[in-house]
Amino acid sequence: AIASTRMGTWDYNPLTDELELSERTREIFNFPDDEKNDMMKLYDTIIEKDRAHVISSIQYALMLVSEGNLDLEFSIKDKGLSKEKILKLNGKTFFDEKGNAYRFVGTVLDITEQKRFSEELEPRIELRTQELKVANEELMKINSKLEKSNKELESFTYIASHDLQEPLRKILFFSDILQKNNSTLNGMESYFNKISVGPRRTSDLVT
C-alpha cells in the first residue's frame, strides 16, 4: 500500500529526539539523504499559518490522554522547488506502562494534486448544481401550468358534456313522444328511428 500510493513513513523517538525518515518522506520534504533530521527541521518547512497548529497537534498526540492518534493536513514550503505542497500526516504514539511516549510512527502523503483538482472541480460542480436547480424550477413551473391546463380541460369537458346532453335529451324526448303517437307519423316511422339513433350515439360519446 505504501509503495503503490507513494506514501512516506517516519519513526520518531521522543526520548532521544531521533527522527528516521523513509526515502519517500525525504523526497516529499526535499531533505538530502545524508542529512540528519529532527522535528525542528521538519517544523521549519511548514508554512507559517499552519505551523502552530501542527506543532500543538503533535505534542498532544505524544500525551497519553490523546490515545496517541494523529490525523493532520497542512502545507509546507518546498525550498528546492519554491512551491507549496499539501500533505496528509497520520501517526500513532506508543506508551510504556507509566504512560510515557517512547515511539511515534506514521505516514505522510503528498495530496497537492488531489487538492488542486478538487478545488478546480468544486466551482464546476457548484455551477452544474445551480443549472440543475434552475432547470428543476422551470420544470416545476411547466408541471404547474400543465396541471392548470388539465383542470381547465376537465372543467371544459364537463361543461361541454352537460351543455350537449341537454339538447340531445330534448330531441330524444320529443322523438319518443312522436313515435308513441302513431297517428302523427303518417308512414315516417323510419325517419324518426334515424332521428333517435343519432342523438343516442352522440349522447354515448359525450358521457
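Position 1 is the first residue of the sequence; numbering continues from there.
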message: Can you confirm whether L70 sits close enough to Y60 that some side-chain heavy atom of one is under 4.5 Å from a side-chain heavy atom of the other?
response: no
message: Quick one, H53 with L72, criterion side chain to side chain contact (heavy atoms under 4.5 Å, CB included). Give me CA distance, side-chain angles, the key distance, then yes/no.
response: CA-CA 9 Å; H53 174 65; L72 281 175; 3.6 Å; yes
- prompt: Are the side chain of R26 and the backbone of P32 linked by a donor-acceptor contact shorter than 3.5 Å?
  reply: yes
query: Considering residues, nucleotides and ligands other than E137, do more than 12 of their heavy atoms fall under 6.0 Å from its CD?
result: yes
task: Apply ring pair (Phe, Tyr, Trp, His ring centres under 6.0 Å) to F74 and list each qualifying residue two or more places apart in sequence or on a separate chain.
output: none
task: Report yes if some heavy atom in the side chain of F29 is under 4.5 Å from a heavy atom in the side chain of N37; otherwise report no.
output: no
field: Test item: N150 side-chain N/O and L146 main-chain N/O as donor-acceptor pair under 3.5 Å
entry: yes
field: Side chain to side chain, D11 and T9, heavy atoms closer than 4.5 Å
entry: no
message: Salt bridge or not between D71 and K88? Use side-chain N to carboxylate O under 4.0 Å.
response: yes
- prompt: Is E48 salt-bridged to R51, cutoff N-O under 4.0 Å?
  reply: no
- prompt: What orientation do F94 and Y102 show, parallel under 30°, tilted 30 to 60°, or perpendicular over 60°?
  reply: tilted
- prompt: So does E35 have more than 12 non-hydrogen atoms from other groups sitting under 6.0 Å from CD?
  reply: yes
field: Joint cluster assignment, Y43 & L19, ILVMFWY side-chain distance < 4.5 Å
entry: yes
